[in-house]
Structures are given as C-alpha cells and as structure tokens.
Amino acid sequence: MTASPTIPTDLTEFAAHLRERLAPLVDEYAGDTGARPADDDRIAAVEELREGHEAVVEQVRRFQRALFDTGLAWPSGPAEFSGMELPATHQAVLDEVLEDMGFPSREALFVGLNIVAPALVHHAAPELANRVVGGLYRGELIGCQLFSEPGAGSDLASVATRAVREGDEWVLNGQKVWTSMGHLADVGEALVRTDPAAPKHAGLTMFLVDMHAPGVTVRPIRQMTGGAAFNEVFLDEVRVPDSARIGGVGEGWTVASTSLGSERSTMSGAAGPLTPYVTERLVALVRRLGAEADPIHRRQIAKTVAAVTAMRTSAALTPGSWTHHLAPMSGSVAKMLMVRALDEIATLVAEVLGSDAFVDSGARDEFAWSEFVLGVPALHLAGGTDEIQRNVIAQRGLGLPRR
Ligand SMILES: Cc1cc2nc3c(=O)[nH]c(=O)nc-3n(C[C@H](O)[C@H](O)[C@H](O)COP(=O)(O)OP(=O)(O)OC[C@H]3O[C@@H](n4cnc5c(N)ncnc54)[C@H](O)[C@@H]3O)c2cc1C
C-alpha cells in the first residue's frame with residue numbers, strides 16, 4: 001500500500017484528491033473495460049449481473065485490489081483494517097467519485113464490504129477479522145448474508161437453521177433464502193440457532209461459513225426483472241470451525257444488529273441504488289421530454305425533488321462516525337428516506353415514459369429504465385421491510401411501547 005499523503009477534510013478538496021490519486025487506474029479499469037459496455041444504458045435499482053458475469057466479477061475483484069493498493073479502499077474504516085478513519089461522508093464521496101470516473105460498479109462486493117466486514121470488525125476474534133476483512137477489501141473474497149429463511153424474514157429471530165457443536169467444530173443444517181450474491185460468494189455470514197431451549201433472540205449465534213465447503217448448495221432464484229441476483233442456500237451437515245464464530249455463543253442477535261444497521265445506512269448512500277448518476281439521468285430524461293412544462297408532471301417532479309433532497313440532507317446532517325452508521329435507528333431512518341425517494345423517481349419515470357419504459361423500442365434512455373422501475377419494490381423489502389424499519393424507529397429510536 002502506498003503511504004497516504006495529507007488527506008483534505010473539506011469534502012470538495014477530498015473529491016479532488018481522490019480524482020488525482022485514482023487517475024492512474026482509469027485506463028485499466030474505467031469506462032468500457034468489460035464491467036459495463038459503453039452502449040449499455042440500463043439503470044437498475046438492484047444491480048444484477050447477467051450473461052458473462054464471471055468476467056465482470058473478475059474485473060471488479062481486480063479493481064478492488066487496485067483500489068486497496070492506493071490506500072483509498074475504506075475511507076471511513078478503522079486504521080487497523082487499512083481504513084482512513086474519516087467520517088462516513090468521506091466514504092460517500094469516494095463512492096460518488098468512483099461512479100463518476102466510470103469505475104466498475106462494486107455491487108458484487110456490497111454485502112461483504114458493508115454487511116459482513118462491520119460484523120467482523122466489531123465482534124470477531126482478531127485473527128478471523130484480520131484475515132477476512134483484509135480479503136474482502138482486497139477483492140479476494142466475496143461475502144454474502146445468510147440471515148433470511150423461508151420461515152424467518154421480518155421475524156428474523158425465528159431462524160431455524162441449527163448449529164450443533166462437535167469438539168472444535170459446529171455442524172450446520174438448514175435452509176437460507178434471498179441470499180444476494182450467494183452464487184458468487186466465498187464466505188457467508190450465517191445466523192443460526194445454537195440453543196433451541198433459550199428465548200429466541202438469546203439462542204442465536206453467528207458464524208462465517210465457507211461457501212465452497214462440502215454440504216453448501218446454492219440455487220439461483222429468477223426475478224421479475226429478468227436477473228437472478230439472489231439465491232436459496234442449503235446447508236447440509238456443513239462443518240464450521242469454532243474459530244469462524246463471529247461473537248460469543250448466544251450473541252448472534254447483537255452481531256446481526258450491527259450488520260443490519262450498516263446495511264441500511266450504506267444502501268442509502270452512494271454505494272446504494274440512488275446514486276448521483278441516477279438523478280443525473282433522471283434530470284436529462286425530464287428535460288429531453290420537456291416534462292417540466294406539463295402541470296401533472298410538475299407535481300411529481302416536485303415530490304421527487306423533495307424526497308431526494310430530504311434523503312441527501314438527512315445523510316449530510318447525520319453524525320459522521322462509522323460506528324454511528326451501525327446504530328439501528330439511523331440505519332432505519334436512512335433506509336426509509338431512500339425508499340421514499342426511489343418510489344418518487346420510479347413514479348415519475350413511469351409517468352413521463354408511459355409504456356415506453358416497458359416496451360423495448362430500441363430508443364435510448366427509455367426501456368433502459370424498466371429494470372429500475374421494476375426493481376424499486378424489492379427495496380421496500382431488502383434489508384428489512386418498511387414496516388420493520390418503522391417498528392425499529394418507534395421502539396428502539398423513540399422508545400414507544402411494543403403493541
Ligand atoms: C433485493 C433483496 C435482497 C435481499 N438480500 C438478502 C440477503 O442477501 N440475505 C438475506 O438473508 N435476506 C435477503 N433478503 C430478504 C429480506 O431481508 C426479506 O425479504 C425481508 O426481511 C422480509 O422478509 P420476508 O420476505 O420473509 O417477508 P415477511 O417477513 O413474511 O413479511 C411479509 C409482510 O408482512 C409484514 N410484516 C411482517 N412482520 C411485521 C410486523 N411485525 N409488523 C408489521 N408488518 C409486518 C412485512 O412488512 C411484509 O410486508 C433480500 C430481499 C430483497 C428483496
């Protein structure tokens with residue numbers, strides 16, 4: 001890793017600093033380098049890797065390695081994990097600059113970097129945390145989140161996948177579902193039941209599962225957008241060493257809360273679906289169609305601008321430390337503001353394009369939006385549904401009684 005020069009605290013200067021230091025990577029990694037062909041104008045709410053995805057993933061891994069080598073991979077991360085200990089706002093600037101400079105989308109790495117790594121940093125033994133967090137940030141490992149099950153989604157503490165201890169190992173049996181990027185993953189953060197007799201939140205433990213281990217079967221699930229970004233994962237007599245436990249036995253719920261807080265905060269930032277690129281494309285679309293002159297569209301444009309501004313303003317006002325972004329309440333607020341903004345954008349796009357958004361006429365910037373509009377409903381569910389975010393805000397944030 002190169003020694004880091006003085007890092008500007010001012011965000012505009014920081015962005016300029018990043019651009020300068022990332023410029024040497026442009027030729028090899030930015031633009032039409034296999035990650036996304038230049039003629040592909042699709043906009044997705046949930047980015048999905050399709051045909052030829054192996055080459056895309058390989059390119060993203062190599063880019064992540066190059067980014068790590070510049071020392072810029074994790075602006076808000078702790079120094080002992082090669083982070084720069086900067087506020088989360090600086091992290092957001094990095095994500096924006098990477099997108100603006102045309103570097104590949106790091107969607108395939110999102111879960112590992114933003115869900116699995118925080119859990120390891122906060123709860124795992126140093127040996128496990130160092131090895132795996134380093135691997136995730138160098139692009140050597142792709143992570144997935146093995147939380148949801150057919151019988152445990154919103155009521156996550158009901159997970160039924162069992163882990164039984166045998167000496168220095170645990171034997172896992174059960175089924176997970178909706179596992180984003182599970183088909184690409186090397187490691188999975190698995191919430192499992194270790195004590196069926198304990199109250200449900202207390203009987204859980206978190207493990208890091210080797211996704212290539214015997215007994216792990218991954219089956220992709222086809223979505224209405226046409227992609228297959230998530231999977232069913234079957235765990236059949238999967239042996240996991242006790243050294244791969246994240247946190248204490250019975251402390252799985254605490255570890256899951258760390259991951260979920262980070263997931264909800266980061267998916268609402270520039271690493272998530274509502275990037276400056278999306279809003280720029282939206283503004284261009286509205287202008288091209290002259291939609292701002294239509295009184296009906298003007299109303300929806302105003303609602304969209306208000307929702308996007310609320311989301312960005314809230315992010316800018318949120319305390320900047322990385323640990324704050326792990327807090328359940330701030331993650332839930334950020335996620336609710338994000339889905340509101342996405343809804344308004346999708347409504348506006350559907351309104352101004354009508355059926356052109358869904359019927360591919362070959363025209364640029366029309367059918368390109370279909371994946372976005374169809375993908376937005378999924379974000380009301382991913383990372384916990386809207387109803388669950390409202391419960392978190394009410395109970396853990398505002399201290400209101402449970403019903
Ligand atoms: C794009 C996407 C990616 C995902 N990726 C992953 C992943 O990588 N790993 C993973 O583990 N999971 C993942 N999920 C799963 C996601 O976490 C669950 O879908 C979500 O938690 C909801 O669970 P469920 O689908 O079982 O719905 P249910 O829990 O069955 O909910 C059904 C409905 O009932 C409502 N409801 C349930 N309980 C309450 C309550 N107490 N109060 C009020 N309303 C309630 C819900 O809000 C919802 O509207 C992903 C989901 C999506 C859409």
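Positions are given from 1, in the same order as the sequence printed here. Counting starts at 1 for both ligands and their atoms, in listed order.
Taking the six-membered ring for Trp, Phe63 and Phe103 have ring centres closer than 6.0 Å.
The protein atom (non-hydrogen) at minimum distance from atom 39 (C) of ligand 1 is Ile388 CD1, 3.9 Å. Given atom 5 (N) of ligand 1, the protein heavy atom at minimum distance is Ser180 OG, 2.7 Å. Here the heavy atom of the protein found nearest to atom 11 (O) of ligand 1 is Ser148 N, 2.6 Å. Scanning all protein heavy atoms for the shortest distance to atom 45 (C) of ligand 1 gives Glu387 CB, 4.1 Å. Given atom 21 (O) of ligand 1, the protein heavy atom at minimum distance is Gly153 C, 3.7 Å. In terms of protein heavy atoms, atom 28 (P) of ligand 1 is closest to Ser154 OG, 3.6 Å.
The closest donor-acceptor contact from the side chain of Ser268 to the backbone of Arg264 lies under 3.5 Å. Formation of a donor-acceptor pair under 3.5 Å by the Lys200 side chain with backbone atoms of Ala157 is not found in this model.
Atom 34 (O) of ligand 1 is not flagged as protein-proximal [any protein heavy atom, distance under 4.0 Å]. Protein heavy atoms are found less than 4.0 angstrom from atom 51 (C) of ligand 1. Within a 4.0 Å radius of atom 30 (O) of ligand 1, the protein has no heavy atom.
Partners of Phe14 by ring-ring contact (aromatic ring centres under 6.0 Å, His included), not counting sequence neighbours, listed by chain and number: His90. Under the side chain to side chain donor-acceptor pair (under 3.5 Å) criterion, Thr179 pairs with no residue, sequence neighbours left out.
Distances from ligand 1 to the non-hydrogen atoms of Val111 include no value under 4.0 Å.
The proximity of Leu156 to ligand 1, defined as any non-hydrogen pair under 4.0 Å, does not occur for either the backbone or the side chain. At a 4.0 Å heavy-atom cut-off, ligand 1 touches Thr385 through the side chain alone.
Residues Gln64 and Arg106 have side chains in contact (heavy-atom distance under 4.5 Å, counting atoms from C-beta outward). No side-chain heavy atom of Gln175 sits less than 4.5 Å from a side-chain heavy atom of Val233.
No more than 12 heavy atoms of other residues, nucleotides or ligands sit less than 6.0 Å from atom CZ of Arg219.
When only interatomic distances are considered, the shortest N/O to N/O separation between Leu146 and ligand 1 does not fall below 3.5 Å. In terms of polar-atom proximity, Glu149 is not counted as a contact of ligand 1, lacking any N or O under 3.5 Å from an N or O of the ligand.
With no hydrogens or angles considered, no side-chain donor-acceptor pair links Asn114 and Glu263 at under 3.5 Å.
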